[in-house]
> 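Okay, handing you the structure first.
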Number of protein chains: 2
Amino acid sequence: MSKATEKAYTIIRENILNGGYPPGTHLKEGELVEKCGVSRTPVRDALRQLATDRYVVTHRNQGVFVNQWTVDDIKDIFELRSILESIVVERAAIHISSDDVANLKAIHLKIQTMLDQNGPPKVEVFLVENKAFHQILISAANSRTLADTLAQIVQPPLIAQTARQYTRQELQRSNDHHLDIINALEAKDGAWAASVMKTHIISAQRKFVNTYKDEET
Amino acid sequence: MSKATEKAYTIIRENILNGGYPPGTHLKEGELVEKCGVSRTPVRDALRQLATDRYVVTHRNQGVFVNQWTVDDIKDIFELRSILESIVVERAAIHISSDDVANLKAIHLKIQTMLDQNGPPKVEVFLVENKAFHQILISAANSRTLADTLAQIVQPPLIAQTARQYTRQELQRSNDHHLDIINALEAKDGAWAASVMKTHIISAQRKFVNTYKDEET
DNA sequence: TATAGCAATATTGTATACATTTATGATAAT
DNA sequence: ATTATCATAAATGTATACAATATTGCTATA
């Protein structure tokens with residue numbers, strides 16, 4: 001993505017994520033041009049990219065609209081992710097390098113250190129390190145198809161929304177899962193790793209569903 | 001997609017599929033404008049869409065290149081597809097309507113009629129009907145996430161390449177799988193349906209790998 | 001001869017004007 | 001009052017001119 005396109009992409013996405021453009025909003029190119037300070041061409045490019053990333057949907061000759069996710073959609077996403085990430089760690093158990101294992105341990109320690117501090121847990125730290133953790137595994141799985149597919153279904157807003165609801169205890173449990181996965185990988189036990197990962201993702205799904213079940217988007 | 005964009009998309013994709021633009025080819029916007037008879041804007045839109053459909057890859061300030069699939073990539077795609085389509089039929093076994101079952105039976109019959117004719121099997125008929133068959137299942141699975149994900153990993157060129165190599169006997173076997181799936185769905189036996197589907201896709205993978213294992217793209 | 005630097009060229013990125021389509025709202029007929 | 005029709009406006013679709021960037025190939029120098 002080029003500079004202007006990236007600028008527009010970032011601004012529009014931020015506004016979708018922070019609620020400035022609620023689901024269903026008609027995003028008009030003219031307004032976005034003003035808001036982003038670039039011309040229509042990069043705005044259109046950004047909208048196309050946002051469409052492939054599922055932030056918006058496009059209707060021919062009518063424009064683009066902020067995507068509407070239902071609770072069922074989100075349940076499906078978690079379910080699919082649990083399956084795909086299980087395969088990821090199964091494969092990672094075969095291919096992962098000792099360097100990457102060390103990196104995983106470092107991430108686990110960072111999150112643990114954060115959790116051991118007093119005061120409210122720093123969710124931002126968790127989000128960044130957690131993403132890095134999963135990214136190392138995906139890269140170790142050595143499958144472009146898996147990596148691309150996961151990248152497309154793992155919606156950042158969902159992860160963030162879920163994590164922000166976590167209590168310290170739940171974050172601790174999540175980090176415990178990470179440690180289990182590290183142990184499974186060191187034992188080169190793909191089935192174990194896959195099982196833990198499935199638990200790990202399903203926990204997140206249950207948390208999400210419990211939090212939002214009575215709201216319906 | 002608008003008219004001009006669609007025209008460009010179709011022309012460029014055809015040229016990729018029929019070998020006119022081999023993998024790795026640098027697709028220059030100027031040439032495509034001439035070839036497609038539309039201006040750069042719809043050409044660029046078409047290229048963006050081809051990128052999301054994985055026909056091409058984009059490098060910033062360098063342009064787009066026809067995507068290069070390795071045999072390992074393709075093995076991964078089949079593997080992932082076998083998993084996802086298994087889930088599809090598991091869910092379809094719960095939700096599918098009697099109308100859709102009837103449609104599946106009609107498709108099975110069409111392919112069977114084609115296979116019972118003398119002369120070389122009409123692969124085009126198989127491709128169209130086979131796609132329709134899987135599409136009905138995906139729609140019956142009632143999961144936008146699954147549908148979107150499968151749409152993105154099921155590369156038409158791969159299916160076509162594989163099917164064209166099929167002997168009449170192998171096409172017959174494929175259609176037999178379809179019948180098994182129909183029976184499993186009527187019995188509302190999701191596990192059975194999933195198992196058949198896995199066999200169905202893995203057969204295609206094995207066929208592909210056996211055909212191309214010594215060529216390497 | 002090999003390589004570094006630079007100029008020329010080609011290609012992509014961006015802005016904007018124009019065309020087409022769709023949405024809006026006023027007016028008139030039932 | 002309601003609906004159909006049409007004019008107007010506003011949005012998207014398309015084309016093209018201009019800007020920034022990357023590639024290419026030449027020349028000068030070691």
> Are Arg54(A) and Trp69(A) in a cation-pi setup, meaning NZ or CZ lies under 6.0 angstrom from the ring centre and within 45 degrees of the ring axis?
no

> Please, which pairs that meet ring-ring contact (aromatic ring centres under 6.0 Å, His included) have at least one residue in residues 11-36 of chain A, sequence neighbours excluded?
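Non-adjacent pairs meeting ring-ring contact (aromatic ring centres under 6.0 Å, His included): His26(A)-Phe65(A).
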
> Nearest 0.5 Å please: distance from the CD1 atom of Ile202(A) over to the CD1 atom of Ile83(A).
8.0 Å

> Check this for me: Glu34(A), atom CD, are more than 12 non-hydrogen atoms of other residues, nucleotides or ligands nearer than 6.0 Å?
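Atom CD in Glu34(A) is not crowded, with 12 or fewer foreign heavy atoms closer than 6.0 Å.
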
> Measure from CG on Leu32(B) to C1' on dT11(C) and round the result to the nearest Å.
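The answer, rounded to whole Å, is 12 Å.
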
> Counting just side-chain N and O atoms, does His59(B) come under 4.0 Å of either OP1 or OP2 of dA22(D)?
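So the side-chain polar atoms of His59(B) never come under 4.0 Å of the phosphate oxygens OP1 or OP2 of dA22(D).
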
> For Glu29(B) and dA22(D), give me the distance from atom CD to atom P, rounded to whole Å.
15 Å

> Nearest whole Å is fine: how far is dA11(D) P from His26(A) NE2?
8 Å

> Taking ring-ring contact (aromatic ring centres under 6.0 Å, His included) as the cut-off, I'd like each qualifying pair that reaches into residues 125-154 of chain A, sequence neighbours left out, listed once.
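For residues 125-154 of chain A: Phe133(A)-His178(A), His134(A)-His178(A), His134(A)-His200(A).
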
> dT11(C) P sits how many Å from Glu31(B) CD, rounded?
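Spelled out: CD on Glu31(B) to P on dT11(C) is 7 Å.
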
> Atom CZ of Phe65(A) and atom P of dA11(D): how far apart are they, to the nearest Å?
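The answer, rounded to whole Å, is 12 Å.
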
> Indicate, with a heavy-atom threshold strictly under 4.0 Å, whether Leu47(A) touches base, sugar-phosphate, or nothing.
nothing

> Rounding to an integer number of Å, can you tell me how far Lys28(B) NZ sits from dG13(C) C1'?
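These atoms are roughly 17 Å apart.
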
> Going by distance alone, is a donor N or O of one side chain under 3.5 Å from an acceptor N or O of the other, for Thr52(A) and Gln49(A)?
yes

> Met1(A) has an atom CE; how far is it from atom P of dT12(C), in whole Å?
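Rounded to the whole Å, the gap is 18 Å.
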
> Could you run down nucleotides 14-22 of chain C 5' to 3' and tag each one B, S or - for protein heavy-atom contact under 4.0 Å?
BBBB---SS

